[in-house]
Amino acid sequence: RKEVEQDPGPFNVPEGATVAFNCTYSNSASQSFFWYRQDCRKEPKLLMSVYSSGNEDGRFTAQLNRASQYISLLIRDSKLSDSATYLCVVQDSGYSTLTFGKGTMLLVSP
Amino acid sequence: GAGVSQSPSNKVTEKGKDVELRCDPISGHTALYWYRQRLGQGLEFLIYFQGNSAPDKSGLPSDRFSAERTGESVSTLTIQRTQQEDSAVYLCASSLGSYNEQFFGPGTRLTVL
């Protein structure tokens with residue numbers, strides 16, 4: 001059975017803080033990795049893909065460690081609008097559906 | 001442009017009744033997915049369509065659940081003889097192909113009394 005594990009949180013941080021989320025996955029053959037964001041009672045939306053070399057998009061940095069089967073998301077200079085649940089998502093080789101983690105909740109306070 | 005739409009947005013039904021949920025994917029998207037999200041839980045994959053065929057229906061929880069897609073467009077998810085444990089948000093997503101970003105609809109919130 002494919003597993004994607006995340007700390008459910010919530011992570012409570014003040015505005016401006018740096019926060020990091022981690023995720024582990026069980027299938028060593030997994031090929032593609034993503035972070036999705038889900039606001040309360042809303043649908044998930046793609047935040048960013050995660051590449052082997054690591055990638056950055058503004059205040060967001062994603063990293064992948066294949067040897068440890070571990071993915072991370074770093075958010076710098078947190079904004080109130082970053083409050084949401086962050087979903088770690090894994091796709092195996094070839095065609096396969098996405099396997100979602102249960103998400104990590106982030107609450108950014110003034 | 002138009003995103004993925006789903007109807008109804010909310011559905012309350014009595015235990016034992018059948019329900020039909022509808023998904024309109026983004027025009028031109030060949031791949032379509034159904035997920036279920038129970039309160040406070042992660043997304044559970046139900047079924048995947050490529051065109052009108054379903055190469056992966058491994059997530060359907062029981063034979064009470066079925067889905068179809070016609071015209072490489074609209075999909076319906078049918079739940080027969082609903083049970084209380086079927087209460088959840090049912091999310092539909094579509095993508096250009098199976099390797100592309102999935103765009104989600106707003107979901108149908110199903111409550112079985």
Side-chain angles (χ1 to χ4, degrees), chain A residues 1-10 21-27 29-51 55 57 60 62 71 73 84-107, chain B residues 2-7 9-10 21 23-26 29-51 53-61 67 88-111:
Chain A
R1 180 180 170 182
K2 305 169 191 175
E3 298 281 349
V4 178
E5 300 289 341
Q6 295 182 251
D7 181 342
F21 306 136
N22 302 320
C23 165
T24 58
Y25 58 96
S26 62
N27 187 352
S30 296
Q31 290 292 317
S32 302
F33 309 90
F34 311 91
W35 284 100
Y36 274 70
R37 170 191 169 132
Q38 186 172 25
D39 291 288
C40 187
R41 300 176 78 88
K42 297 286 190 181
E43 70 273 21
K45 293 183 179 178
L46 180 67
L47 178 66
M48 60 197 301
S49 301
V50 186
Y51 303 121
N55 50 301
D57 182 1
F60 298 84
I71 307 158
L73 177 68
T85 295
Y86 291 83
L87 306 173
C88 177
V89 185
V90 171
Q91 185 175 35
D92 296 336
S93 59
Y95 150 70
S96 78
T97 54
L98 301 179
T99 302
F100 284 78
K102 292 185 178 180
T104 298
M105 183 182 292
L106 172 65
L107 300 172
Chain B
V4 178
S5 61
Q6 291 186 246
S7 61
S9 54
N10 280 283
L21 313 180
C23 172
D24 282 87
I26 294 172
H29 280 196
T30 62
L32 186 148
Y33 308 80
W34 282 99
Y35 297 88
R36 177 171 72 177
Q37 188 171 32
R38 290 192 169 115
L39 188 64
Q41 300 297 311
L43 274 74
E44 299 173 69
F45 165 76
L46 298 178
I47 188 169
Y48 155 69
F49 286 94
Q50 180 60 48
S53 63
D56 188 350
K57 51 179 80 171
S58 62
L60 294 178
V89 175
Y90 289 81
L91 289 157
C92 174
S94 72
S95 63
L96 204 56
S98 58
Y99 296 95
N100 299 99
E101 175 187 354
Q102 294 186 19
F103 294 85
F104 283 82
T108 293
R109 185 172 300 276
L110 175 65
T111 303

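So you know, we letter chains A, B, ... as the sequences are listed, proteins then strands, and number each from 1.
- When the ring pair (Phe, Tyr, Trp, His ring centres under 6.0 Å) test is applied to Tyr25(A), the partners found at least two apart in sequence or on another chain are Phe33(A).
- Between His29(B) and Phe103(B), the two ring planes are tilted [angle within 30° to 60°].
- For Leu43(B), the parts lying under 4.5 angstrom from a heavy atom of chain A are both the backbone and the side chain.
- Looking at Tyr36(A), only its side chain comes within 4.5 Å of chain B, counting heavy atoms on both sides.
- Looking at Gln6(A), there are no atoms closer than 4.5 Å to chain B (heavy atoms on both sides), in backbone or side chain.
- Using modelled atom types, no side-chain atom of Thr104(A) and backbone atom of Gly9(A) make a donor-acceptor pair closer than 3.5 Å.
- Applying the ring pair (Phe, Tyr, Trp, His ring centres under 6.0 Å) rule to Tyr86(A) yields the partners Phe21(A); only residues at least two apart in sequence or on another chain are considered.
- Residue contact with chain A, scored on non-hydrogen atoms closer than 4.5 Å, involves the side chain of Gln37(B) exclusively.
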